[in-house]
Each structure stands twice: as C-alpha cells, then as structure tokens.
There are 2 protein chains.
Amino acid sequence: MNLRELANLLDLSTTTVSRALNGYPEVSAATRERVAEAARLHGYAPNQVARRLATGRTLAIGHVIPIAEHQMINPVFADFLAGAGETYSAAGYDTVLSIVPAEQEAEAYREMARQRKVDGILVSGPKVVDFRIELLAELGLPFLVHGRTGPDEAGYSWIDINNRRAFRRATELLAHLGHRRIALLNGQEQLSFAARRRLGYEEALIEAGIAFDTDLAHQSEMTEPLGYAAATRMMQLADPPTAFLTSSIITAHGVLRAMRELGRQAGRDFSITTHDDDLSFLPNAGEVPLFTATRSSVRAAGRQAARMLIDLISTPESGPRQELWEVELTLGLSTGPAPRGQTHA
Amino acid sequence: MNLRELANLLDLSTTTVSRALNGYPEVSAATRERVAEAARLHGYAPNQVARRLATGRTLAIGHVIPIAEHQMINPVFADFLAGAGETYSAAGYDTVLSIVPAEQEAEAYREMARQRKVDGILVSGPKVVDFRIELLAELGLPFLVHGRTGPDEAGYSWIDINNRRAFRRATELLAHLGHRRIALLNGQEQLSFAARRRLGYEEALIEAGIAFDTDLAHQSEMTEPLGYAAATRMMQLADPPTAFLTSSIITAHGVLRAMRELGRQAGRDFSITTHDDDLSFLPNAGEVPLFTATRSSVRAAGRQAARMLIDLISTPESGPRQELWEVELTLGLSTGPAPRGQTHA
DNA sequence: TCCAGCATTCAAAGCGCTTTGGATTTTGAC
DNA sequence: GTCAAAATCCAAAGCGCTTTGAATGCTGGA
C-alpha cells in the first residue's frame, strides 16, 4: 500500500492525503479524519526512503565506531549509545552505525556526509589530538562530541563531565585519609578524558605535597585483567601503593581481585576509588556501595547528547552548544585511613 | 555534485555515468575510466537515499533493541553487534538500530517493515516463548535469529551455539571431579539459551546420580553483584555448594569475589566453571586462563550471523539457513577436585 | 445579485538515482 | 563494399513521497 493507492481508494489526490497525514492546516477536519482512519485500517505508513528523498532530511543520526581486530568494544560506549538511541527513537530518528576498521574511520565519516545518509553525527571518545572535529566541520554536517578536545572548545558542540575536577577530588580524598602512595590506573592517555584525569590527579598530588612517581601511574585499556596485572605489579614495588585510583569500575574489580589474592581487604588494608559510569551490568551496588566513586551516568549523558544534537540539527543558527557536568563523589566501602607502618610519610 | 551535474560536465547522459560507476558492461573502457576519474576528482558519491528509492534495496540491516528503564544493556549483545557491524560495513551495508522501550518492541519491527527501512533484520536474545519469529515471518522481511526457539526450528534462519551440550559437559566435568553440590547461576530462564543450559545441567546431574536441588539453581540478570549475592546466599545453606556453574564471566567474577571474602580460593577450596562469550573487555586471560570455561566468541558469531543474513537477502530462494556451533571446553585455574569432608557423598 | 476572500482540493514538478527500450555507431564476416 | 551483429550511448519513465502554484467551491458583506 503506497500513497497513491491510498489516495485512489479515498478518491483524493496524493497531495491531500499527504497533507492530512502530516498535519498541515489546509485540509478539513472531516477529510483528515477519513484519511487517518483509512491509513490505520490498511496499515499504511509512508515509505521512509521516498520521504527522505523528497524532503532532504534523513531523520537519522550517525555514529562511527572504529574497531581494530582483537581490540575491545568499549562497554561504556554501549551504555552511551543506549541512552542516545532511546532519545533518537522517541524523537523519530533512526540510529545509523558505521562499524569499520580503525584505518577506515575518516573515510566512514566522509561517506556519511557525501552520501547524505544522516542529518547529524555523534562523535565519541575524542583524543587529545583528534582529526575528527576539523574533518566534520569541513564536511558541514551538524555534529556533537561526547567529550571535548583541542584548542577551540567554543567552536563546536559537546557534552562532557569534569574529569579533571573529579580525579582531583578523588585524589584529595585519598590524601586526606593519609595515603601518600596513590596509584593511578588510567585509561589510555591519548584519550582526552584520560589526559584530563591525569591532570586532576597530578594537581591534587602537588597540592598535598606528594611527589609524582611514574611507577604508580599506569595507563591501558580498561579491562579487568589489565587492572589485575597492574595492581599485582605495583604491589611488588619496594614501596607499594596504599591506595588506587581507577578510571573504570571494570579495572577496579581487577584491582580488588589482585589485592584479595594478597590477603588485602579494601577499606581496611588499602583504599580504592574509581570512576563509575553507572554501567547497567556492573552497578556499584550494595546498601553502601562497594566502591567509593566519582559517579556520572554515561547513559544519561547519551540521552542528553542526543537531545542537544537533535536541537542543533533543527536550529543550527543558534550556534554550538556545550554542557559540562560535575560528578558526584559518593562514599563506599572501599576507602579508609591509610594503614600505619606502611606509609613512608 | 549530483549525477546530472557530473554527466553534464562530462558531456554524457546520466544513464551512461550511472552505468559506468556501477560497473555495467554496456560502457566502453575509455568512458568508464573518464567517468571514474571525474568522480574522484570532484568527490562525487551517489546519493544513497535516491539510490535506495530507485532500486528498492536499502543496503541496510536492522536490529531492534528493547530497553526497559533501569534494565541492563547487554554487553554480550554489544560484542555481537560489533562483529555483525564489521561484516555489514565490509559488504556495503549500513547498520540501523532501533532502540525502544520494551513495550514498543513489536511496533518497532512493524515500522521497520512498513517503512521499508531495511533489507533484513537480525533478532537477538530469543525467548522460550517469543512473538518475534511469527511476526517477522508475517511481515515478510528476511531475518535471522541469534539463538533459536519454538517448535519449528527448520522454518527460519538462525545461528546458535550448543548451549545444552556445553552445560552438560561442564557439569559432567565438575561431577567427575567429585563435586556433588553443584550450583547453577543461570541467566533468566525465559530466555531460550538459559533454558537450554538448564536442561544440560539437569541431564548431567541425573546421569551422575545427583538429586536436583532448587536451592542451588538460581536465575537472574547476569551482573557482577547478582553473582556475588547469589553465591553469598548459597554459602549460608546448611549444605553449601562446592562448585558453581555460571552463565557469564561477569557473574563468575561476582562469585569469585563472594568466595574470596569467605577465604575460599577457586580451584582449591571450590570449583567454578563459566560460559565465556569471549568479551573483549573481560577476557579470560592468563597463561592458564583464570576460569575453566565453555568458550565461544560472540563476536565471531556476530560476524557469521551477518554473513548468513546478507546471503539470505541476496538469494532468498535457497531457503532458511541454520548453523549450530559446538563450544570448546577449556581448562583454567578455577576447577579442582571436590574438597574432602565438605561433600556429602 | 455580485464578488472578494477564505477554505479545500488538485495537477504537476521535483528530489537523485536506476533501468527499460531505442537509437546510433562500430565491427567483422562475406 | 555490404549488411547483420555487437558495442555504445541516450531519452524518458519510474521509485514514492513532498510541495508549489493554481483551480474550485463556498461564505458573507455590499
């Protein structure tokens, strides 16, 4: 059933039927009702592709996901996408993914723009040096970045959390508890968020008069075994850490496992603070949460990012939008005073 | 730059240019080269939407993802999607997601079909009773199921792993090691894969002459805290388990945490076997893997599912395709003989 | 009664591509 | 040199919708 058939059936022109269905005013209430009824009855829905061609709007939003063989699929991104996707659907937009080998990433963005497949693009995981912002500006497609990077933050739209302050506060907390050997298990620091977290960590160390020790600063993909391995290695140092700061609750679990194998209990024998993206399959649960954490729901960020991008698409003339979220610092069971005799204060 | 502009530029008809670019034979090698060159030079790419309308093929594949507020986004699905997406892109297909509230799931499938947005649909997480297979058959859109369910398995296309045999073998392994109190921490058993795993578990118990105990059979979403909670609860039983069988490596980590808190070490004081989907962010790593596991890469399954579906779309006349994968049972550090004095054999 | 003005409706053009059916040119066998 | 076949190209129709510009019918004030 297409528009013309429906129109013939009703003995109306396609113009009128189209207008009736799309809520234009130049059609009488009676016919509008008649059309709606017939459409429902025959299960008519406009062919999306034809509509897209006619209007020039795709009602779709693109995400490009680079994948290297054997590299991890970021579960944080999955939650972000879920949040964004909910909002897209509710607003009548489709979600279009382009999952490509990392080396084809730039080309994937170009294709999206050239082939007019989407009305806008959402960019995830910006790096400290990232070609995408310039590229997308050049392509002239509306876009919004989850995170931010580069010198001209006012020049494009983004939503981000205050990673630097979050990690400064978390580090301060550990320092106030008397810890002097504080390890950072960060994400890969070419990623903008991780670089900011590192900055916050260093700021707090300086403020607390603690020397920065490269042996205690680790960066890697945020998996459980890598957290485990890093913690295990650090505990073999002559002067091992008494506290850990991790970038992901996944890594934090790895640290927990490593420390338990050494007979150390979190909150008593050592402290651990993590950033918590509020992942649905790894909730920081318990009456009192397991981990002391800087928390910010990445799913909520996804929802808001989608709203902002849709807004940007509909009224581009009002210029770029930015939003910076502060994070909560919630106390859990995993932090406590530095153990006596283990600190070298 | 659109097709006509390019054609004018070359002083050719749009017909010829289109044919040249799409590799049809009725165009001389010389003009083909000339056209290709001009297209490259001016950065021309055909408008995908127009092409879709003209050909009737969308070159897109749809996935519907239902989401209930506060319900988990399945990380296993994320890896599956990554695998499928790689294959789609390589074959020139787009990935279209429809992320909707659970109660709108059926409508989302209907919309995909009615609006002709995709050439085919991939269905994930079939339930023991699932409306989707019948619905999609009725909608007449090619589809493939990751998993299988219902009485008529030969009637539609699917790819699945042998969950029943996997869990039978894992249970047998534990029984052979002398365990008599074997707990099952399953996924939600309205899901087809979980129901099959339960069957395999029960079969092996019967074979080993072990009575089924409802206290040792648990089902829930597969999160870390739920694994922790279930294990903790079971250990308070008068006759606690000496071995665990979990449906996900995520849950397995929860069990590990619970047992360590009780001072029990895996492989020595108790055993644990898990299914391992080979998730990229939770690898079962180590020279010897941490967990004894039935392993099957869900990402590889995604890749193969995509291939099968694309194949189904291009040659529907050859009927439904099915593929059942056996899983590897790999030994890790987490299993060992049942501890003496704790068994009630 | 007449006509301006409004409410409805419609025919046709167009979105950018593919594809059918023909037209034109080139080739090759005789 | 001739003519059928093959090679090459093109005009135009069509995919299913939206939207422009115009036509029609109806209202009520002069």
Side-chain angles (χ1 to χ4, degrees), chain A residues 1-36 38-39 42-60 92 94 111-119 314, chain B residues 1-36 38-39 42-60 92-94 111-119 141 314:
Chain A
M1 167 74 52
N2 63 25
L3 186 63
R4 190 170 40 199
E5 286 165 22
L6 185 64
N8 287 344
L9 214 80
L10 287 164
D11 216 15
L12 285 171
S13 72
T14 58
T15 310
T16 304
V17 175
S18 169
R19 281 182 168 155
L21 291 173
N22 290 312
Y24 283 76
E26 25 324 50
V27 54
S28 73
T31 27
R32 187 188 304 284
E33 180 49 42
R34 210 158 63 87
V35 170
H42 296 87
Y44 169 79
N47 180 313
Q48 212 56 223
V49 177
R51 165 183 282 204
R52 282 173 185 176
L53 182 57
T55 59
R57 301 190 321 146
T58 64
L59 284 181
D94 282 342
E111 285 294 282
M112 285 218 168
R114 290 203 303 180
Q115 306 185 344
R116 298 281 134 69
K117 287 203 282 210
V118 296
D119 290 338
S314 26
Chain B
M1 167 74 54
N2 63 24
L3 185 63
R4 189 171 40 200
E5 286 167 23
L6 185 64
N8 287 343
L9 214 79
L10 287 163
D11 216 14
L12 286 170
S13 73
T14 58
T15 310
T16 304
V17 176
S18 169
R19 283 182 166 156
L21 291 174
N22 290 312
Y24 283 77
E26 324 70 339
V27 53
S28 71
T31 28
R32 187 188 302 285
E33 181 48 43
R34 209 159 63 87
V35 170
H42 295 86
Y44 168 79
N47 180 314
Q48 212 54 226
V49 177
R51 163 183 285 207
R52 282 173 185 176
L53 182 58
T55 59
R57 302 189 322 146
T58 63
L59 283 182
Y93 279 80
D94 282 342
E111 286 293 284
M112 284 217 169
R114 292 201 304 180
Q115 306 185 347
R116 299 279 135 69
K117 286 201 283 210
V118 295
D119 291 336
L141 212 57
S314 28

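A note on names: the letters A, B, ... follow the listed sequences, proteins ahead of strands, and every chain is numbered from 1.
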* To do: Indicate whether OP1 or OP2 belonging to C:dT19 is found under 4.0 Å from a side-chain N or O atom of B:Tyr24.
  => yes

* Asked: How long is the line joining CZ of B:Arg116 and C1' of D:dC17, in whole Å?
  -> 14 Å

* Structure fact -> Out of C:dT18, D:dC10, C:dC10, minimum distance to the side chain of B:Leu12 belongs to D:dC10

* To do: Can you figure out which of C:dT9, D:dC17, C:dC17 approaches the side chain of A:Thr31 most closely?
  => C:dT9

* To do: Let me know the distance between CZ of A:Arg19 and P of C:dA7, rounded to the nearest Å.
  => 14 Å

* Would you confirm whether B:Asn22, through its side chain, and B:Tyr24, through its main-chain N or O, come within 3.5 Å as a donor-acceptor pair? => no

* To do: Grab the CG-C1' distance between A:Leu10 and C:dT8 for me, whole Å please.
  => 15 Å

* Structure fact -> Looking only at D:dC17, D:dG14, D:dT18, the nucleotide nearest the B:Ala54 side chain is D:dG14

* Asked: What nucleotide, of C:dT19, C:dT8, D:dC15, holds the atom closest to the side chain of A:Glu26?
  -> C:dT8

* Rounded to whole angstrom units, what separation is found between the CG atom of A:Asn47 and the P atom of D:dC17? -> 6 Å

* To do: Kindly point out which of D:dC17, D:dT18, D:dT8 is positioned nearest to the side chain of A:Ala50?
  => D:dC17

* Asked: Within this structure, what is the CG-to-P distance between A:Leu59 and D:dT18, rounded to whole angstrom?
  -> 11 Å

* To do: Just call it for B:Thr15: base, sugar-phosphate, or nothing, with non-hydrogen atoms closer than 4.0 Å on any strand.
  => base

* Structure fact -> Between A:Leu10 and A:Arg34, the two heavy atoms sitting closest are O-NH2, 3.4 Å

* Side-chain contact, heavy-atom cut-off 4.5 Å: B:Thr15 with B:Arg19? -> yes

* If you check every side-chain atom of B:Asn22, which of D:dT19, C:dT18, D:dG16 has the closest atom? -> C:dT18

* Checking A:Thr55 side chain against A:Arg51 main chain: does a donor-acceptor pair fall under 3.5 Å? -> yes

* Structure fact -> note: B:Tyr44, atom OH; C:dC17, atom C1'; distance rounded to Å ~ 7 Å

* Contact under 4.0 Å: B:Ser18 side-chain N or O vs C:dC17 OP1/OP2 -> no

* Structure fact -> Picking from D:dG16, D:dT18, C:dT9, the nucleotide nearest the side-chain atoms of A:Ser28 would be C:dT9

* Is there side-chain contact between B:Asn47 and B:Asn2, with at least one heavy-atom pair below 4.5 Å? -> no

* Nearest-nucleotide 5' precedence on DNA chain D, B:Val27 against A:Thr14 -> B:Val27

* Structure fact -> Testing D:dC17, D:dG21, C:dT20 for proximity to the side chain of A:Asn2, the answer is D:dC17

* Please tell me if the side chains of A:Lys117 and A:Thr58 come closer than 4.5 Å, counting only heavy atoms from C-beta onward. => no

* Please state whether the phosphate of C:dC10, meaning OP1 or OP2, lies under 4.0 angstrom from any side-chain nitrogen or oxygen of A:Ser13. => yes

* **Length of the line joining A:Leu3:CG and C:dC10:C1', which is rounded to integer Å** => 13 Å

* Whole-Å gap separating P (D:dC17) and CZ (A:Arg51) -> 9 Å

